[in-house]
2 protein chains.
Amino acid sequence: MWYKTKVIEQCRIDYPMIQAGMAGSTTPELVATVSELGGLGTIGAGYMTPAALEQEILKVKARTSKSFSVNLFVPESFSYTDAEVAAMNDFLAPYRQALNLEQPTIGEHDSAAFDTMIDIVVEQHVPICSFTFGIPDEKTINRLKAAGTILIGSATTVEEAKAVEAGGLDAVVAQGSEAGGHRATFIDRQETTSLIGTMVLIPQVVDHVNIPVIAAGGVMDSRGWLASHALGAQGVQMGTAFLTTHERNAKSVHKQVIFNSNETDAIVTHEISGKPARGLHNALIQHLREEGPAVLPYPIQNDLTKQIRAAAGKAGLTKWMHMWSGQGVRLAQDHDAATFFKQLIQNAQSQAEQFNM
Amino acid sequence: MWYKTKVIEQCRIDYPMIQAGMAGSTTPELVATVSELGGLGTIGAGYMTPAALEQEILKVKARTSKSFSVNLFVPESFSYTDAEVAAMNDFLAPYRQALNLEQPTIGEHDSAAFDTMIDIVVEQHVPICSFTFGIPDEKTINRLKAAGTILIGSATTVEEAKAVEAGGLDAVVAQGSEAGGHRATFIDRQETTSLIGTMVLIPQVVDHVNIPVIAAGGVMDSRGWLASHALGAQGVQMGTAFLTTHERNAKSVHKQVIFNSNETDAIVTHEISGKPARGLHNALIQHLREEGPAVLPYPIQNDLTKQIRAAAGKAGLTKWMHMWSGQGVRLAQDHDAATFFKQLIQNAQSQAEQFNM
């Protein structure tokens, strides 16, 4: 069978379909639903504190005994000046005033929190751990491997995929340009050059690494799943498709905007967080892009804009939120995750059968 | 069988595989080889004079009695000032000096030449005619239809595909962001927003039009072909894959640069011709982008740079040529078109069979 790949053995799942670790948008319900049905649910822990991650893992475990995953952002060094922060805060002051927000303090960003998250992954025997924005150091990799954790890296180019393999990880998610949310890019940081379409990224990566390749970016239904396998992928990762499920943690206005958008509305912006990410165009992005001061590096820019986006979300002000989305917006469906997942598998199987008729 | 689609009936071919009408790079040998083997060869007539087109058609007919196609650029209105031309000519003067070239005259760009090309297509009973950069007017469409010509439009968004269908054309090539050469974009002209990846463009277009959809952009081998059909396409169009065949009209240095490049080198530039196109990054693009005056609209910018690029090509100076290429560069093969085509079909069939094993 086309879907009986090495990924299902590695991850101890029934179908090589990973629900993406969308930081800030996953819920224990969503993760457990996907895992219970034989896919791989992922806790999007990118913005979580260690304590929050531990709670989230316990909540998932209370709902399923099946395999699941945690996605972490690999910390990296960055630099900025107080003057740059002040300029951005000045620019954003009218937003804070309109939303009754204080000027934010910048969070602590040392790698200690990441190390504590790794402690938790090990202690909680999390079966799979995936990484975005780079590859953890050798010590961390070895520690997780000794604990039996299966490790999945993320890449947006062949060069990055080769680095993931060289780092000793077990599989690689190849993220095409269509993908919603943050670009996983960590070697070539130019916004445009890492925007390789899934159709060509997958076969090129498959030809250059020996570890299993999981396709991400624009996989929205059984057509994309099957196409990914035709391209040589051994599994898929789907994000935007789960963002509109009832179990997600995305604001319902965000979901409505997805349903009302088209493929050209999902643009790549680094103005929201300091790192390029694909989301639906709105006034906040446009204002920052056209009139804003220099964008600070991730995660500082993220710290400076996040309260505004959160408060705007609560108030239903889509113009000031971040609304991550891939380019497959017209394929988004309004459904619960279980219905969607079951239909996905059924459609994929009957589509596969038709190839030989 | 997965490849027995409406496209093969419409075009009277055996396999729904179109060799793209790469303006300036097709030869009668290439077109006839593809058509003889059951695909659809295309004369890339975008830059041809009516007389050259007629000669080209006769040469193809001398080599095959099978179905073939002509690709035309739909003319559009544009405006520019003499001062803009003078600024660009000043900027390019050192290139002309180095290559012993006179300052160019701007070609005549009225729609009379296009109308004459349509006359030739009708008189010569060309079976299929495809269009880039828009949709011909109703009179032209009706005239071609009355002559029994099958008409194929090009689109880079759902909106454009719907316009192609509304224009009465018989099929639409949906060109994903991975594609090499000119973007076919004709409605939303922003460079970034028409860069929709093939993986999401195909299913979204398929869901919104009733005419057959042909996938283009990153289809380099049987994996891409099969993936396109999984996405709902009824055929594929391949350009870059044929650019490195021995029958192509691409400079052999261009071919060598493709073999030595990777997926991040193929960028979108409008500096060469005045319209966005994907090609391999070089010094000419960089210089125009970083230090050049305002780029003129197509086809004026093309007129101003083309002798430089042609002379550079003859001299083997890749730094000053245009080297169109899709993002699938690592998948390019050094072969003759017949060997490539036969292998493509064989591989696609055996891959399709494996889906059900």
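Chain A is the first sequence line, chain B the second, and so forth, proteins listed ahead of strands; every chain is numbered from 1.
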Enquirer: If I measure from the heavy atoms of chain B, does A/Glu263 come under 4.5 Å with its side chain, its backbone, both, or neither?
Expert: both
Enquirer: B/His208 versus chain A, heavy atoms under 4.5 Å apart: side chain, backbone, both or neither?
Expert: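 Just the side chain, heavy atoms under 4.5 Å.
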Enquirer: For a side chain to side chain contact (heavy atoms under 4.5 Å, CB included) with B/Glu165, tell me which candidate from B/Asn210, B/Val213, B/Val172 qualifies.
Expert: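 Considering B/Asn210, B/Val213, B/Val172, a side chain to side chain contact (heavy atoms under 4.5 Å, CB included) with B/Glu165 is found only for B/Asn210.
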Enquirer: At a 4.5 Å cut-off on heavy atoms, which part of A/Ser222 comes close to chain B: side chain, backbone, both, or neither?
Expert: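 Neither part.
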Enquirer: Under 4.5 Å heavy-atom distance to chain A, tell me which part of B/Gln204 shows up: side chain, backbone, both or neither.
Expert: both
Enquirer: Can you tell me how the ring of B/Trp2 sits relative to the ring of B/His229, calling it parallel under 30°, perpendicular over 60° and tilted otherwise?
Expert: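 Answer is perpendicular, since the angle exceeds 60°.
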Enquirer: Go through the atoms of A/Ser177 and report whether side chain, backbone, both or neither lie under 4.5 Å from a heavy atom of chain B.
Expert: side chain
Enquirer: Indicate whether the side chain of B/Thr198 and that of B/Glu178 have a donor and an acceptor atom separated by less than 3.5 Å.
Expert: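 Yes, side-chain donor-acceptor contact under 3.5 Å.
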Enquirer: I need the single residue from A/Leu344, A/Val7, A/Leu40 that forms a side chain to side chain contact (heavy atoms under 4.5 Å, CB included) with A/Met17. Which is it?
Expert: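 Testing A/Met17 for a side chain to side chain contact (heavy atoms under 4.5 Å, CB included) against A/Leu344, A/Val7, A/Leu40 leaves exactly one candidate, A/Leu344.
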Enquirer: Quick check on the interface: out of B/Gly326, B/Gly218, B/Pro203, B/Ala215, who has the most heavy-atom pairs with chain A under 4.5 Å?
Expert: B/Pro203
Enquirer: Which class fits the ring pair B/His182 and B/Trp324: parallel under 30°, tilted 30 to 60°, perpendicular over 60°?
Expert: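 The arrangement is perpendicular - the two ring planes meet at more than 60°.
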